[in-house]
Amino acid sequence: MSQVRVVLPGLMTTLQDLGRPGYQRLGVPVSGALDPVSLRAANLLVGNGASVGALEIAYRGPTLSVETDSVRFALAGGRAPIEVLRPSGGASASPLGPFESSRLLRGEVLRIGALTESAVAYLAVEGGFDIAPVLGSQSTLTRAGIGGWQGRALKAGDVLPLRQAWVAAREELRLPPIDLAPPKRVRIVLGPQDDHFTPAGLHTLITGSYTISGASDRMGMRLEGPPLEHSRKGSDIVSDGIALGSIQVPGNGLPIILLADRQTTGGYAKIATVVSADIPKLGRLAPGARIGFEAVGIEAAEAAARQLASEIAAMAALIAPLRRPSVIDPKRLLVENLVSGVISAGEGGEA
Amino acid sequence: MPSKPQPRFLTAGDSALIVEFGDRVDPHLSALVLALAQKLEAAGLAGVVEAVPTFRSLMVHYDPLQTSHADLQRAIAPLLGGLQAARFAGRRWRIPACYDANLGLDLAEVARRTGLSPSQVVERHSQTRQLVYMMGFLPGLPYLGGLPEEFALPRRGNPRVKVPSGSVAIAMAMSVIYPQESPGGWHILARTPVPLWDMRRSPPALLAAGDEVTFEPQSLREYELMLAKATAAELCPDSDGEAPEPARGRQA
């Protein structure tokens, strides 16, 4: 069997891809990576397609043992101390940096510590995990127990099957790290139920400073700060659809931003929606972080979506070999098959 | 009856928009929503990812790289002209449910609060034809509407942390059926052995928006026997009436 064994699961490690759209009318949340930009970066580094599932690590990473001939990993997103423990007893300090790929061999153990700079990081393996998609996606929705590894977060002792038993040795790759700085102001488009709030309530949303509550999860980010005043229409509506980034405001006036595992419909007034380009930035924020909001028009939101898409498309061109040889060694070039031979000027050739 | 919908477009960020027909729970509004969903699917508009019918509106999720709010609104507007509320587009189901006090945990309290006897509650709840207005909250969970006004109770002040799978519960003159164990604040009247969500089926959800449901009261013994069958995957749901399984059949 070619597999990876979970020695320690980390705090909340789940298999996620770009989500499970198409079934919301049956009540199935979309799920998928909280930070799809970092997921794409991780997949790119190991040569996977963008929609291959990877392990989403939240706050603290897992310890994984390689039970196959070789496997190539890449970690993208938050930075973490990364160690590879070798069967001989040696530990190599951080041979796998963030936004770098690395090839590990049978018996080696990968240990990923606590994340900094982002609440999430993605650990991709070349070829992906051999785990059957559910309704077209490998994403885990723990609330309903569907997708991913047995519909839940990883536990110690889990054994994750790999699609590839071995990977070819090649020069490892790196990407310039993504800018993980928290957004100064999260951009929002007002509506669909901004008419359920007083002008003062709308003003509070734009000017207030909010702290991300510890009660947040993959479903929703709960905010603490000045409450938003509802108009006479009140906080309850006849349930309607929920979009990614919908900001619902229940009776207590405290906003909840609905994220990847959001319910498909809901009965609280939604004051605004976070623009799609800022969703990955929200996904990186940990409880305690502070955010504010900036209202933009729909055209500006659409322009931001195109801008992010072009930045994602440009990532492929930024991939570079991890370690360039400092001195060019012709023998090494031959070995690496980078040149096919050396022809001296004296030999043959028609003039 | 000719319908004169005055729908309006609402913004839900750069990846979804809402076509809203009204703000009430109303079978006519729901029929218009479902009619638009059907027309939208047939139109195959570029960039549309999926559409989600709700009580009184249709949420259209789209890819902002393939279309825009303005373009999509322009493309949907013509579909609203001459929109006919279909008389009945869904399937009819009789869903067995056990109202025994061991399973219908709030039956006695609902009887007390409505001033009805427990058997009257069972009779009125099971015999009313309820419409599936929408699916939401959990995979396969239906919101059923159409109950008499006496069932317009607010949700429980103290929601349960664990509502058993299959529980049939009411609030606000509506019913829900929990497809799996979940937290929930509705008043539990009964429990059905029929799996509402089963990955072996395609689609896995038994019900869909536009279907109609009545409940068929069963004894605790019948419930347990049917649950055993369902657990062994021997319960074959079929709304066509030709199914060997009497659990559900097409009515009338």
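Reminder, nothing fancy here: chain letters follow the sequence lines and each chain counts from 1.
With a 6.0 Å radius and a threshold of 12 heavy atoms from other residues, nucleotides or ligands, B:Arg113 has its CZ atom above the threshold.
Under the 3.5 Å distance criterion, the side-chain polar atoms of A:Arg143 are matched with a main-chain donor or acceptor of A:Asp261. Although no hydrogens or angles enter the test, the distance criterion places a donor-acceptor pair under 3.5 Å between the side chain of A:Ser216 and the main chain of A:Arg222. Judged purely by atom type and a 3.5 angstrom limit, A:Gln24 has no side-chain atom pairing as donor or acceptor with the backbone of B:His61. For the pair B:Thr128 (side chain) and B:Gln130 (backbone), a donor-acceptor distance under 3.5 Å is absent.
In this structure, B:Tyr143 has its ring center no closer than 6.0 Å to that of B:Tyr133.
Contact of A:Asp195 with chain B is made through the side chain alone, with heavy-atom distances under 4.5 Å. The part of B:Met59 that comes within reach of chain A is its side chain, from C-beta onward, which places non-hydrogen atoms under 4.5 angstrom from that chain. For A:Ile188, no part lies near chain B; criterion is any non-hydrogen pair under 4.5 Å. In this structure, chain A has a heavy atom under 4.5 Å from the side chain of B:Met134, while its backbone stays farther away. Contact of B:Tyr62 with chain A is made through the side chain alone, with heavy-atom distances under 4.5 Å. Of the atoms belonging to A:Arg262, not a single heavy atom falls under 4.5 Å from chain B. Residue B:Thr11 touches chain A through both its backbone and its side chain, counting heavy-atom pairs closer than 4.5 Å. A:Leu244 does not touch chain B: none of its heavy atoms, backbone or side chain, sits under 4.5 Å away. Only the backbone of B:Leu207 comes within contact range of chain A, with heavy atoms under 4.5 Å apart. Interface remark: B:His69 contributes backbone and side-chain atoms alike to the contact with chain A (heavy atom separation under 4.5 Å). For A:Ser276, the parts lying under 4.5 angstrom from a heavy atom of chain B are both the backbone and the side chain.
In terms of heavy-atom pairs under 4.5 angstrom with chain A, the leader among B:Ala208, B:Ala51, B:Gly22 is B:Ala51. Ranking B:Pro179, B:Pro142, B:Pro53, B:Gly136 against chain A, the residue ahead of the rest is B:Gly136, based on heavy-atom pairs under 4.5 Å. Considering only heavy-atom pairs separated by less than 4.5 Å from chain B, the leading option among A:Gly145, A:Gly22, A:Pro21, A:Gly245 is A:Gly22. Between chain A and the options B:Pro204, B:Ala37, B:Ala16, B:Ser68, heavy-atom pairs under 4.5 Å are most frequent for B:Ser68.
The pair A:Arg152-A:Asp158 meets the salt-bridge criterion, since a charged nitrogen lies less than 4.0 angstrom from a carboxylate oxygen. Classification of B:Arg160 and B:Asp106 as a salt-bridged pair holds, one side-chain N sitting under 4.0 Å from a carboxylate O.
With contacts defined as side-chain heavy-atom distances shorter than 4.5 Å, the pair B:Val194/B:Pro96 qualifies.
Every residue was checked against the side-chain hydrogen bond (donor to acceptor under 3.5 Å, both in side chains) condition with A:Thr140, not counting sequence neighbours, and none meets it.
Contact between A:Leu228 and A:Gly201 at its shortest, heavy atoms only, is CD2-O, 3.5 Å. For the residue pair A:Val238 and B:Asp23, the shortest heavy atom distance occurs at CG2-O, 3.2 Å.
Proximity to chain B at a heavy-atom threshold of 4.5 Å picks out A:Ala301, A:Glu302, A:Ala305, A:Arg306, A:Ala309 from residues 300-314 of chain A, in numerical order.
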